[in-house]
Amino acid sequence: DIQMTQSPSSLSASVGDRVTITCRASQSISNYVNWYQQKPGKAPKLLISAATTLQSGVPSTFSGSGSGTDFTLTIRSLQPEHFATYYCQQSYRTPPTFGGGTKVEIK
Amino acid sequence: EVQLVESGGGLVQPGGSLRLSCAASGFTFSSYWIHWVRQVPGKGLVWVSRINSDGSDTDYADSVKGRFTISRDNAKNTLYLQMNSLRAEDTAVYFCARGYGGSHYFDYWGQGTLVTVSS
């Protein structure tokens, strides 16, 4: 199985900060990375597919980059509603696998 | 509006069985692959199983292969997960999720149903 390693596992940031979350795949996966946001007690929400494609309705505050093995999710200006846990996921090969998550907390 | 609503979770003893359902609405259910993903409370997401649009092809995580069976009824817009020989480590919230096309990423998710395996 392809392992997805996210870092950091948690971070504290302030409203307005720029936040970057990284995800590394155990092998090259082209651009087959997707990013989800999950708030406590809620289902995950798809933010970005194919490494860089912002989903409809997701604010442009979010952006994704990378290819091969290294990927990033950037939140340009952190807002109160962005405090959540973020997961990367590879869809290059079955079984689809997720990173361990990054919890973004208020500083 | 796309909606996925899971049901059927609950408390079951080790070795027991449970069947989860996922009722879909707001889209052409028969055109989409659907997946089950689970999450131990406070932990990460783990893919469990998927079924293609007409139900002719399925796939499972190694951890559930031979114990879980995914199926669908396109006439009822409903997905199922039959879980047998349940173990304590199967305790989790189970989400159904719509696959985007035939790819293995998930554009809509249900709210989840909690399965607890305990004596």
Side-chain angles (χ1 to χ4, degrees), chain A residues 1-10 21 23-25 29-58 64 66 71 73 84-105, chain B residues 1-7 9 20 22-24 26-27 32-52 57-65 68 70 79 92-114:
Chain A
D1 298 0
I2 297 173
Q3 307 304 313
M4 303 295 286
T5 303
Q6 262 182 262
S7 60
S9 56
S10 66
I21 299 167
C23 187
R24 175 165 288 176
I29 57 172
S30 184
N31 68 335
Y32 287 81
V33 157
N34 314 289
W35 291 95
Y36 301 85
Q37 176 194 66
Q38 187 179 32
K39 297 182 178 179
K42 301 294 186 182
K45 174 186 175 182
L46 178 65
L47 298 177
I48 289 171
S49 62
T52 61
T53 302
L54 204 63
Q55 297 304 292
S56 175
V58 175
F71 303 88
L73 172 70
T85 300
Y86 294 84
Y87 294 93
C88 61
Q89 177 244 331
Q90 66 82 17
S91 50
Y92 180 76
R93 181 169 293 157
T94 193
T97 47
F98 294 85
T102 296
K103 187 174 184 179
V104 177
E105 298 178 300
Chain B
E1 178 193 6
V2 172
Q3 283 200 318
L4 297 164
V5 180
E6 301 92 338
S7 61
L20 306 183
C22 170
F27 65 102
Y32 287 85
W33 292 24
I34 309 291
H35 301 251
W36 288 101
V37 177
R38 69 186 181 184
Q39 184 175 38
V40 175
K43 302 296 185 183
L45 299 162
V46 178
W47 176 82
V48 172
S49 182
R50 67 91 179 149
I51 188 166
N52 70 343
D57 186 56
T58 60
D59 194 13
Y60 299 92
D62 286 345
S63 59
V64 306
K65 204 169 289 185
F68 289 12
I70 190 172
L79 171 78
V93 175
Y94 285 74
F95 297 98
C96 58
R98 193 179 82 168
Y100 183 82
S103 67
H104 283 68
Y105 72 88
F106 321 110
D107 59 356
Y108 288 93
W109 298 62
Q111 85 289 349
T113 187
L114 176 63

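None of the values given here were measured: they were computed from a predicted structure. Proteins come first, then strands; the chains are lettered A, B, ... in the order of their sequence lines, and each starts at number 1. Side chains included, hydrogens not; waters and symmetry mates left out as well; all remaining heavy atoms used.
The ring-ring contact (aromatic ring centres under 6.0 Å, His included) check on A/Trp35 picks up nothing, with sequence neighbours excluded. Every side chain to side chain contact (heavy atoms under 4.5 Å, CB included) that B/Ser103 has, sequence neighbours left out, goes to B/Tyr100, B/Tyr105.
In this structure a side-chain-to-backbone donor-acceptor pair under 3.5 Å is missing from B/Gln39 to B/Phe95.
For a residue to count as touching a neighbouring chain, one of its non-hydrogen atoms must lie under 4.5 Å from one of that chain's; by this rule A/Tyr36 touches chain B with the side chain only. For a residue to count as touching a neighbouring chain, one of its non-hydrogen atoms must lie under 4.5 Å from one of that chain's; by this rule B/Val37 touches chain A with the side chain only. With a 4.5 angstrom heavy-atom cutoff, B/Asp107 touches chain A via backbone and side-chain atoms both.
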Inset, instruction - Evaluate the side-chain contact (heavy atoms from CB on, under 4.5 Å) criterion for residues A/Met4 and A/Ile29: first the C-alpha distance (whole Å), next the side-chain angles of each, then the deciding distance (0.1 Å), finally the verdict. - result: CA-CA 10 Å; A/Met4 303 295 286; A/Ile29 57 172; 3.9 Å; yes

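Ranking B/His104, B/Lys43, B/His35, B/Gln111 against chain A, the residue ahead of the rest is B/His104, based on heavy-atom pairs under 4.5 Å. Of the listed residues (A/Gln55, A/Gln38, A/Gln90), the one with the most heavy-atom contacts under 4.5 Å to chain B is A/Gln38. Interface remark: of the candidates A/Ser91, A/Ser49, A/Pro96, A/Gly101, A/Pro96 forms the most heavy-atom pairs closer than 4.5 Å to chain B.
Using a 4.0 Å cut-off between charged side-chain N and carboxylate O, A/Arg93 and A/Asp1 make no salt bridge.
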